[in-house]
Amino acid sequence: MNAGPVSNSSKRASFVDDENLMVHVRDHDNAAAFGELVQRWQIRVHRMCFRMTGDWQDAEDLTQEVFAKLYRSRDRYVVQSALGTFLWQIALNHTRDFVRKSGRTRQQQLQLRDEYRQRDGQKRDNHEPDDADEVQKALLQLPDHYREVVVLRHFENLKFRQIADLLQIPEGTVASRMAKALRLLEQTLRPQITCEDTQ
Amino acid sequence: MSHLNDEQLVHILYAEVETSLTDETTSHLETCQDCRDRLQLLRNTCALLDRATLPDRPIELDADQIIAATHETPLTTRTPPWQLASGWMQKALAASLLVAIAAAGFAAGNYYRSAQLTSELEALESRLTQRLTHQTPVTVDTSRDTGLERVERALRRMANEQNQLRRELQSLAVNAESEIQRTNQQVKAARAALIQLQQLAGITW
């Protein structure tokens with residue numbers, strides 16, 4: 001899986017793919033290669049962690065920890081597997097652990113998100129709840145196993161097959177979770193969708 | 001063709017329909033209003049998700065700092081095997097651990113009892129040695145007995161004491177032997193449990 005790393009630095013060393021960089025990290029403890037991987041993937045991992053936790057600060061801490069885990073796990077990386085799969089697996093497991101250990105319920109996540117929005121809103125005087133806020137709120141209301149499928153398929157653009165490999169579940173299950181998640185989101189976001197229909 | 005199921009609809013939605021199914025599903029959608037409506041609803045939801053772009057939150061991690069931090073903590077701090085192990089493996093590991101702990105505890109207890117037994121034996125041996133080397137002076141009641149009878153009684157008393165000591169010694173020796181055998185069995189059991197534990201840990205590492 002080489003799902004289009006998003007980074008301005010990707011232009012610098014785009015001729016070297018992620019897997020080769022990771023091999024350099026694994027075999028030679030190459031810090032520069034690791035730095036390049038961090039540059040390429042940090043925004044996506046950060047964004048995914050936020051989608052899963054609803055808190056930017058937590059997301060930043062988690063992102064840092066995910067890359068630390070990636071570095072620690074470098075010996076376990078096998079060339080045959082795409083780095084994306086390896087990294088997303090670490091990120092997902094770490095985020096799940098965090099959510100479980102923090103004992104944070106979805107309600108608490110929503111409260112956190114609202115607090116963040118309030119703080120952020122103070123900086124932006126004309127801030128009004130927008131689609132992103134509503135969607136993020138609706139996402140946080142989803143059960144974790146639905147949310148991660150939506151985040152990976154819709155926002156991170158992974159294929160159903162790749163998600164199935166990541167989560168180690170059948171592809172059909174991924175698709176049915178996605179359908180169920182979209183239906184739940186539709187129920188939560190119905191006012192917006194109806195409004196869009198009338199427009 | 002029956003209605004498209006949810007899985008098929010999301011595959012169509014994300015354009016991941018297998019080529020072999022494309023014609024079939026396309027032709028069904030053309031004729032089935034119900035499936036078209038369901039697909040449209042999913043499309044509307046996705047459209048809303050598409051509009052929900054996150055605010056720009058730049059992140060600039062320092063790779064060198066991350067590496068330095070990982071070096072501070074030992075690289076061997078990976079997920080412990082009992083966390084990697086799933087379901088039955090965790091239970092097996094837990095059971096083996098319990099058996100090993102119990103066996104080790106039992107063995108330790110037996111060892112303690114053996115040590116206690118040894119000290120008792122040593123005390124007994126010391127008493128016996130003392131008695132044999134430093135004979136307790138025989139007290140003789142000169143008012144009642146003749147000389148020969150006094151010596152005979154004294155000797156009989158000494159013999160009785162020695163017999164009693166010998167019996168105690170034999171009893172302790174028998175106990176010690178059985179304790180040693182039991183301890184050996186416990187040590188064997190503990191060793192077997194530990195080997196099993198190591199094997200399980202080796203498999204899951």
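If you're wondering where the values come from, they're calculated on a predicted model, not measured in any experiment. Lettering of chains follows the sequences in order, A, B, ..., and the numbering in each one begins at 1. Side chains are part of it too, since the values below use all heavy atoms of this structure and drop only hydrogens, waters and symmetry mates.
A donor-acceptor contact closer than 3.5 angstrom is absent between the side chains of B:Q185 and B:R182. For the residue pair A:Q42/A:Q64, the side-chain donor-acceptor check at 3.5 Å is not satisfied.
For chain B, the option among A:E60, A:H154, A:K159, A:E171 with the highest count of heavy-atom pairs below 4.5 Å is A:H154.
A salt bridge does not link A:R100 with A:D144: none of the charged nitrogens is closer than 4.0 Å to a carboxylate oxygen.
Looking at A:R177, neither its backbone nor its side chain comes within 4.5 Å of chain B, counting heavy atoms on both sides. Looking at B:L9, there are no atoms closer than 4.5 Å to chain A (heavy atoms on both sides), in backbone or side chain. Of the two parts of A:H46, only the side chain, counted from C-beta on, holds a non-hydrogen atom closer than 4.5 Å to a non-hydrogen atom of chain B. Looking at A:V150, the atoms closer than 4.5 Å to chain B (heavy atoms on both sides) all sit in the side chain, from C-beta outward. In this structure, the portions of A:T63 lying under 4.5 Å from any heavy atom of chain B include both its backbone and its side chain. Looking at B:N5, neither its backbone nor its side chain comes within 4.5 Å of chain A, counting heavy atoms on both sides.
Under the 3.5 Å distance criterion, the side-chain polar atoms of A:R153 are left unmatched by any main-chain donor or acceptor of A:M178.
Here A:F155 pairs with nothing under the ring-ring contact (aromatic ring centres under 6.0 Å, His included) rule; sequence neighbours left out.
Across every non-hydrogen atom of A:R96 and A:L167, the tightest pair is NH2-CD2, 3.2 Å.
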